[in-house]
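Chain identifiers are assigned alphabetically (A, B, ...) following the order of the sequence lines, protein sequences preceding nucleic acid strands; residue numbering begins at 1 within each chain.
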Amino acid sequence: MAALGGFSRAAVVWGVASMSAGVVRETVLSTLREALEDARASGDLKLTTVPALVLDVPKKAALGDLATTVAMNLSATEHRDPREIAEIIAGRLRSHSEVLERIEVAPPGYINLTVKRDLWFRVLAEIEAQGEQYGGSSLGLGQRVLLEFVSANPTGPLHMGHGRGAAVGGALANLLRRVGYEVSTEYYINDAGRQMKLLAESVEARCRQLIGQDAAFPEEGYRGAYIDDLAKGFLAGRQAAGQDPLPAGPTESCGAWAYARMLEDIKADLDQFGLRFDTWVHERALFETGAVAQSLELLKARGHLFEQDGALWFRSTTFGDDKDRVIRKQDGEYTYLASDIAYHRDKLDRGYDLLINIWGADHHGYIPRMQAVVQAFGHPKDRLKVILVQIVNLLRGGRRVTMSKRAGDLITLREVVEEVGADAAKFIFLTRRADSQLDFDLEVAKQQSAENPVYYVQYAHARVASLFRVAAERGVPVPRTGEVDCSVLSSPDDLELMKPLAEYPALVEASAQALEPHRLTYYLQDLAARLHAYYYKHRILPPLLERELNGHDHLKPAAHDAEQERKGETLTPALTAARLCLFRSVQTVIRNGLAILGVSAPERM
RNA sequence: GCGCCCGUAGCUCAGUUGGAUAGAGCGUCGGGCUUCGAACCCGCAGGUCGCAGGUUCAAGUCCUGCCGGGCGCACCA
């Protein structure tokens, strides 16, 4: 529900806002607002409350281009039959319908709108004018967002789960920036706790075994083959420097070396995945700078901490958590929660309007306590939003690739990216909602066919690029939209290709608001399908005459006539020009959409 | 036992924040390249949206209870 008196406010917004939902929606929406204002001014409707004005796309194209349910939503407050209200509004719409071709009321109170052709053509001009900016909006202008993701412990290589988180996070960052947010991406490195100690001990033990010492492997140590590599690398470095295999303080040395190496590898893996973080935060630093101690002091001063059974607790139940949580154990060690408190206080202190964390779904139980932390520091709990990413099932040709966690040999992200490529991996990671499980089939991801959605979409882009190359070869000019008579693009096929282009900005906004980048992948597959269908059905460029084909002056070959007949249309220069403009717009939108997903838009493939 | 998430076509999943006759890909079956990219297109078949109530003019979508699955419920990260 919009605020009361939404009309004047809406009018102001309309005055200053960019075409955030696209030229068609914005234009129709403002017309609808005017119609409602008229109805109120004349007393036909009371309109004491103003419902949010939403335009839907009817399921059937025959019903119209856009529809509104506002009459049905007003029925309760107006105490009238929705159909009656719809008629009143429809009447007002008809009185200033410069942009509307048809206005129809359908039971039980829909108002179906068909937009004038000229308005669709303006979309092409808008796309041409905005180029790679098309689809952007001012939704998040002036708002700062901190997006923390991946944040894998530097105790092993990144695996598929991290890859999915990376794909979602990267796409979300692009998406939010697209709608005006100022986004910082951040990676939090857990380099202070027990896990680091285990890494150190594991590498040290392997080193000792490699130099023939009888060393016991730590009970819960890391057993992956990469530990061997780390140990070998460490020893090789010592040897190259002419030093003894193990220095004094071997555990610390092994640990420091392995940690630095792992972090380097993680950064390299992310780089290979096309991902760069703006900032890296070290857990260790939170202890060293006193941030942890200070944060706990502050919470204590506010009465959110208490001591019991020799431990220090955070009273998270104050803010709706199931139980209170230990911060410092009986043995004096801090739990991870202590540093997480300091870390999130630090985030809040940096003045972000919104914190987004991307976590593995198995951590969902931690959301209430972290939101409790946010509230304990005096912020609304919604300032922290957590996106849960479900597990990835790795398949090869339909068969489950078993991942034995005990042995520590997970399939790494690096292996997968090397096998299928970063584009395919990213796109597939984004073909499902983040919080639903994902089957990732290596064979499908590698396959360059229709089964693989990323190639389907990229192919559409490359196909258009190819068309422009051929046009250039033949000397066919690609005009600007303003120089073209768009009215020849009035067939249903043309409109079915243009409509999604007009919807794109609204889709970007909705995806950003819902924090759901996967919607883009569905949209792009649909747009690519329309492009392919159109391309098959219609000819864009004029055919070569036979003399151009073989140097003899002759009539057009019969094959072309047959093709024209099959396609049931005659290609004119005006049609070629207009279709080239249309295709260029489709290409721009596909490129923009893929850019948000972090996937390349190749000219050739 | 308590909490969170999920049950939609044979399979994998979307479903525009409550709107009209529920969609796509894969798979099955059948069609389509002599000029621009067949990495493509067209068609057929496939559904009591887990079950039962409730709220609403309107429920795949919201509420309650069951059934079935996943994940959490640490003084581990």
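Residues forming a salt bridge (charged side-chain N to carboxylate O under 4.0 Å, His left out) with A:Glu283 (at least two apart in sequence, or on another chain): none. Under the side chain to side chain donor-acceptor pair (under 3.5 Å) criterion, A:Gln195 pairs with A:Tyr222, not counting sequence neighbours. Take A:Asp81 and apply the side chain to side chain donor-acceptor pair (under 3.5 Å) test, not counting sequence neighbours, and it matches no residue. Shown here are the salt bridge (charged side-chain N to carboxylate O under 4.0 Å, His left out) partners of A:Arg25, two or more places apart in sequence or in another chain: A:Glu503. For A:Asp321, the side chain to side chain donor-acceptor pair (under 3.5 Å) partners at least two apart in sequence or on another chain are A:Ser316, A:Arg325. Residues passing the side chain to side chain donor-acceptor pair (under 3.5 Å) test with A:His532, sequence neighbours excluded: A:Arg463. A:Ala462 meets the side chain to side chain contact (heavy atoms under 4.5 Å, CB included) test with A:Met605; sequence neighbours excluded.
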Show each protein N/O and nucleotides 1-3 of chain B N/O combination with a separation under 3.5 Å, one pair to a line.
| from | atom 1 | to | atom 2 | distance (Å) |
| --- | --- | --- | --- | --- |
| B:G3 | N2 | A:His364 | NE2 | 3.1 |

Just the atom pairs and distances: protein N or O near nucleotides 15-18 of chain B's N or O, under 3.5 Å.
| from | atom 1 | to | atom 2 | distance (Å) |
| --- | --- | --- | --- | --- |
| B:G15 | OP1 | A:His518 | NE2 | 3.4 |

Output a table of nitrogen or oxygen pairs between the protein and nucleotides 61-64 of chain B separated by less than 3.5 Å.
none

Between protein and nucleotides 43-46 of chain B, what N or O pairs are separated by less than 3.5 Å?
none

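RNA chain B is contacted by A:His532, A:Ala533 of residues 526-533 of chain A, taking any non-hydrogen atom closer than 4.0 Å.
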